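Here is the naming used below: chain letters follow the sequence lines, and residue numbers restart at 1 for every chain. The shown structure was predicted, so the numbers you read here are calculated from the model rather than taken from an experiment.
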Amino acid sequence: MVSVSSAPSDGAPSVFCARAWQVVRSIPRGNVASYGQVAELAGMPRGARQVGRALRLAPDSLPWHRVVTASGRIAFAAHSDAYRRQCARLSEEEVPVIGGRIDMRRFRWQPTLDERLWMLP
DNA sequence: GGTTTGACTCGTA
DNA sequence: CTACGAGCCAAAC
C-alpha cells in the first residue's frame, strides 16, 4: 500500500505551495502580481492568503517582492523591515513605490495565454 | 473538536 | 480617500 500524503507534515511543502512558487518565478522582472492573481494562476481562485503563507516559506532566491496586494500596496506593515526590503528590491528593478503604492495599471503582470497554459494543472 | 490568526479581497458607507 | 465588515482557507493553538 503506497500512501501518498500531500500534507506538508512530511517536511515537503504542499502541492499548492510549489505551484505558487512556480507562478512567482514566472513574474517578469519589472512587473508585479497580486496575491489573488498568483493564487488563481496556481489553480486556487480564492487562495490569496495561502499565497502569503507559501511565500513565507519561500527561499530568498524567489522573487517574492513582486507580489503585492490587489490595490498595489505592500502587504507588510508600513515601517517594518520586511516592508523596506521589498520596497528596495522593487525599486532596484524600476518598479517605483510612490506614496506606499505601486501603479498596478502600469506594472501589473499580464501573462500571455501561453504562460497561463504553462502554469495551469 | 472549536477558535484564532494572517505576506488577502471585495463591497459598502 | 479611509474604515469596517464579511468572506475566504489552511495552519496553529
A.B. asks: Using whole Å, report how far CZ of Phe16(A) lies from P of dC8(B).
C.D. replies: 13 Å
A.B. asks: Decide yes or no for Arg89(A) and Cys87(A): does some side-chain heavy atom of the first lie under 4.5 Å from some side-chain heavy atom of the second?
C.D. replies: no
A.B. asks: Do NZ/NE/NH1/NH2 and the carboxylate oxygens of Arg29(A) and Glu94(A) come within less than 4.0 Å?
C.D. replies: no
A.B. asks: From dT9(B), dC8(B), dA7(B), pick the nucleotide closest to the side chain of Phe76(A)?
C.D. replies: dA7(B)
A.B. asks: For the pair made of CD1 in Ile74(A) and P in dC8(B), what is the distance, rounded to whole Å?
C.D. replies: 13 Å
A.B. asks: Whole angstrom is fine here: how far is it from CG in Leu62(A) over to C1' in dA7(B)?
C.D. replies: 13 Å
A.B. asks: Please work out if Gly36(A) contacts a base, only the sugar-phosphate, or nothing of the nucleic acid, heavy-atom cut-off 4.0 Å.
C.D. replies: sugar-phosphate
A.B. asks: If you only use heavy atoms from C-beta on, which nucleotide in dT9(B), dA7(B), dC9(C) is closest to the side chain of Ser34(A)?
C.D. replies: dT9(B)
A.B. asks: Does Arg73(A) put a side-chain nitrogen or oxygen below 4.0 Å from OP1 or OP2 of dT2(C)?
C.D. replies: yes
A.B. asks: How far, in whole Å, is dG6(B) from dC8(C) if one measures between their C1' atoms?
C.D. replies: 12 Å
A.B. asks: Just the rounded figure in Å: distance from P of dC10(B) to CD of Glu40(A).
C.D. replies: 10 Å
A.B. asks: Is the phosphate of dA6(C) approached by Arg46(A) (side-chain N or O, under 4.0 Å from OP1 or OP2)?
C.D. replies: no
A.B. asks: Specify the separation, in whole Å, of atom CD1 of Ile102(A) and atom C1' of dA7(B).
C.D. replies: 13 Å
A.B. asks: Rounded to the nearest Å, what distance is computed from the CZ atom of residue Arg49(A) to the P atom of nucleotide dG7(C)?
C.D. replies: 14 Å
A.B. asks: I'd like to know if Arg85(A) pairs up with Asp60(A) as an ion pair, taking the criterion as any Lys NZ or Arg NE/NH1/NH2 lying under 4.0 Å from an Asp or Glu carboxylate oxygen.
C.D. replies: no
A.B. asks: Check whether Gln37(A) reaches the backbone of Ser34(A) with its side chain - one donor and one acceptor, N or O, closer than 3.5 Å.
C.D. replies: yes
A.B. asks: Check the distance between dC8(B)'s C1' and Gln86(A)'s CD and give it to me in whole angstrom.
C.D. replies: 14 Å
A.B. asks: When you measure from the side chain of Arg53(A), which nucleotide among dC1(C), dC9(C), dA7(B) comes out closest?
C.D. replies: dC9(C)
A.B. asks: Name the closest nucleotide to the Gln50(A) side chain, picking from dA10(C), dA7(B), dG7(C).
C.D. replies: dA10(C)
A.B. asks: Return the value, rounded to whole Å, for the distance between atom CD of Gln37(A) and atom C1' of dA7(B).
C.D. replies: 16 Å
A.B. asks: Report the nucleotide, chosen from dA10(C), dA7(B), dT9(B), that has the shortest atom-to-atom distance to any side-chain atom of Met44(A).
C.D. replies: dA10(C)
A.B. asks: Is a donor from one side chain sitting under 3.5 angstrom from an acceptor on the other, for His65(A) and Glu92(A)?
C.D. replies: no
